[in-house]
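The residues of the chain are indexed from 1 along the displayed sequence. Counting starts at 1 for both ligands and their atoms, in listed order.
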Amino acid sequence: MQRRSLATRLFVVCLLIAASGVCRADRVVRVGLWPQQRLPRRVTVTGAMTVESSGRAWTARTLSIIASQGSLTIAGNGKQAMSVQIRPRGPVTLRTQTSPLAVLNCKLRFRPSSAGVQCVADVPLEEYTARVLAREMPLDWPPEALAAQAVVARSTGLASFHRHAADGYDVCSLTHCQLFSAIPVSPVAVAAVRRTTGWALARGARPVRAPFCSTCGGWTADGGAIGMEEWCRAVRDGPAGAAYCRESPHFSWKTVLTRRDVAAVFREASGEFVVLRRDSGGRVTRVGLKGHSQSIDGGEFLMRCGRTFGWARIKSCLLSIKSQRGSWLVSGHGLGHGVGMCQCGARGMAKEGKSWREILKHYYSAAELRRWP
Ligand SMILES: [Zn+2]
Ligand SMILES: [Zn+2]
């Protein structure tokens, strides 16, 4: 009697968890493997598999799928289909002319589009997390930094379901969502993910997309000031004069902008190049030319400099400008937008003995850690 009532209670708990919609152990992330602009016309899959298409199922060891006139054709079969599904019986290899090799062992769905064939891989959440980690952080970094990045990857994955609903999947495999590795993943990434199984950053009951950058340069950015996650606040990255990311090759940099450079960025005759506004961490949020009405925000300035000079000259908006006879010496710190976790800082904290929880608390103080069973 007592056992049955316990079972009943467990059943009710399971129902409540399922109803919450974000708490399922078997969550699968539908990953669009290839960029919509570069879809292959032909995909060849090799390995033991069961193929399903047009109401039929059969086993195969090699299969070529070709996009033609808005539908798919299986080579050697000749019949047109609107979808082909593959259930691998071990790792299968996908070859195309436009994308690197992919080796996966999960359900794959192929669909036609006007541009070619799209493959949607149904990847279990924890495997997705390991595959993202393998692309987003060097795997020879300290284990606590890898574990922190794993939680960032899982949180962003959980918060990104249906982000690409219009394309027929949840997330893409590019930086727009998170980089995704489609080749077998190193055991190092798998171990970092296992150490943090289920843990994600959340605000209230919801997982959050957790932005991160390569090197903050001593202060992270105020997300709200640059139109990103406004709950990500500017934090000093370690004790004054001893930033956690100080060993990064991008920690400090200098460049000289000539009058011609500045005119190219502002797209008008050059005036005195000045900083107009900074965020609470000192990052430039608006720059302009004295005597000219035009001014641009920090993110736009960074983007224009990158497009004009390449991405190695002005690396971040944590910078100061010094006028020097017809040119400007720009001294800066860090690389990237600076919002959220500083990856090189996470490495520095891990080297100083901090845990992945302490690293996440430092960079995401306005979020809490929750476990998604
Ligand atoms: Zn995306
Ligand atoms: Zn940093």
Original post:
So which N/O/S atom does H176 have closest to the Zn ion (ligand 1)?
Top reply: ND1

Original post:
When you measure from the centre of the six-membered ring of W58, is the NZ or CZ of R56 under 6.0 Å away and within 45° of the axis?
Top reply: yes

**OP:** Compute both the distance and the angle, then confirm whether R131 meets the cation-pi test with Y128: under 6.0 Å from the six-membered ring centre, within 45 degrees of the axis.
**Re:** no

**OP:** Please work out the angle at the Zn ion (ligand 1) defined by atom NE2 of H164 on one side and atom SG of C177 on the other, rounded to 10°.
**Re:** 100°

**OP:** Would you give the angle at the Zn ion (ligand 2) between C342 atom SG and C245 atom SG, to the nearest 10°?
**Re:** 110°

Subject >> Opening angle at the Zn ion (ligand 2) [SG, C216; OD2, D237; to 10 degrees] >> reply: 100°

**OP:** State whether the number of non-hydrogen atoms from other residues, nucleotides or ligands found under 6.0 Å of Q36 atom CD is greater than 12.
**Re:** yes

**OP:** Could you verify whether a donor N or O on one side chain and an acceptor N or O on the other, from Q343 and Q149, lie under 3.5 Å apart?
**Re:** yes

